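Structure first, commentary second.
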Amino acid sequence: MPNRKKNPPPNDARLKPKPVSVSRSEMAEVVLPALTNPLGKLLGGHVMHLVDIAAAMAASRHSNSYVVTASVDYIDFRNPINVGEFVILKSQVNRVFHTSMEVGVKVFSENALTGERKHTTTAYVTFVAIDAISKQPRTVAPLVLKTPEEKRRWREAGARRKARLALRYKKSREKN
């Protein structure tokens, strides 16, 4: 049999590290009345939907693959977003593990008339990269940290993961 060169497996350990900046994503939309509650505030469920989309964009950009949401660790609603305002979401990969990535998302409201911006929501979402052919989890390129802020976010993501996994294992022991 001839010796044929095979394509590297999807979990190739030779993935080139990427800077956080590769994953940075931003999206925006105007808040319309159909998306608000009777008080004229953007529905929290819609904010969560937008957070998931913005986070998936960052995870996909970093991994160059399809991604699926594995968990939402934390979502904090600080200020409401009013009808007629812009909702702006900024996301980036905070840390890469093996096949998963934690993405941080910050949400802002912006008054269309004054330009005033308020930080409204913070969320941390974990995604798993999925191979397009096998549909199985695939290894993700390591993250290159350049700034003190990126290093801080990386450390904090590790602590959140440790707490998340401890809770998961505690719950699985309680079931058995």
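On a predicted model such as this, the values are computed, not experimentally measured, just so you know.
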Check step by step if side chain to side chain contact (heavy atoms under 4.5 Å, CB included) holds for V140 and L15.
-> CA-CA 7 Å; V140 179; L15 291 170; 5.5 Å; no

Kindly indicate whether the side chain of [X], heavy atoms from C-beta on, has any atom under 4.5 Å from the side chain of [Y].
| X | Y | value |
| --- | --- | --- |
| K118 | F108 | no |
| K18 | N64 | yes |
| V83 | P33 | yes |
| M48 | I75 | yes |
| V47 | F77 | yes |
| F127 | D52 | yes |
| L50 | V87 | yes |
| L43 | T36 | no |

Considering all heavy atoms, the nearest [X]-[Y] contact:
| X | Y | value |
| --- | --- | --- |
| M101 | A59 | SD-O, 3.6 Å |
| K16 | A141 | O-CB, 3.3 Å |
| V67 | A56 | CG2-O, 3.8 Å |
| Y124 | G104 | CD2-CA, 4.0 Å |
| A55 | V105 | CB-CG2, 3.7 Å |
| I130 | S65 | O-CB, 3.7 Å |

What's the separation between atom [atom1] in [X] and atom [atom2] in [Y], rounded to the nearest 0.5 Å?
| X | Y | atom1 | atom2 | value |
| --- | --- | --- | --- | --- |
| F97 | T126 | CZ | OG1 | 7.0 Å |
| L42 | N82 | CG | CG | 9.5 Å |
| S91 | H62 | OG | NE2 | 13.0 Å |
| R155 | R152 | CZ | CZ | 8.0 Å |
| I133 | R138 | CD1 | CZ | 10.5 Å |

Carefully, step by step, assess R117 and I88 under the rule side chain to side chain contact (heavy atoms under 4.5 Å, CB included).
-> CA-CA 9 Å; R117 266 195 190 187; I88 300 158; 3.1 Å; yes

Salt bridge check: are [X] and [Y] linked by an N-O gap of less than 4.0 Å?
| X | Y | result |
| --- | --- | --- |
| E150 | R24 | yes |
| R95 | E102 | no |
| E156 | R153 | no |

Is there a donor-acceptor contact under 3.5 Å from the side chain of S23 to the main chain of V20?
-> yes

Give a yes or no answer on whether the side chain of T99 reaches the backbone of T139 with a donor-acceptor pair at less than 3.5 Å.
-> no

Could you walk me through whether E85 and E110 pass the side chain to side chain contact (heavy atoms under 4.5 Å, CB included) check?
-> CA-CA 6 Å; E85 290 184 326; E110 182 178 308; over 6 Å; no

L167 and L165: side chain to side chain contact (heavy atoms under 4.5 Å, CB included), yes or no, with the steps?
-> CA-CA 5 Å; L167 182 61; L165 293 177; over 6 Å; no

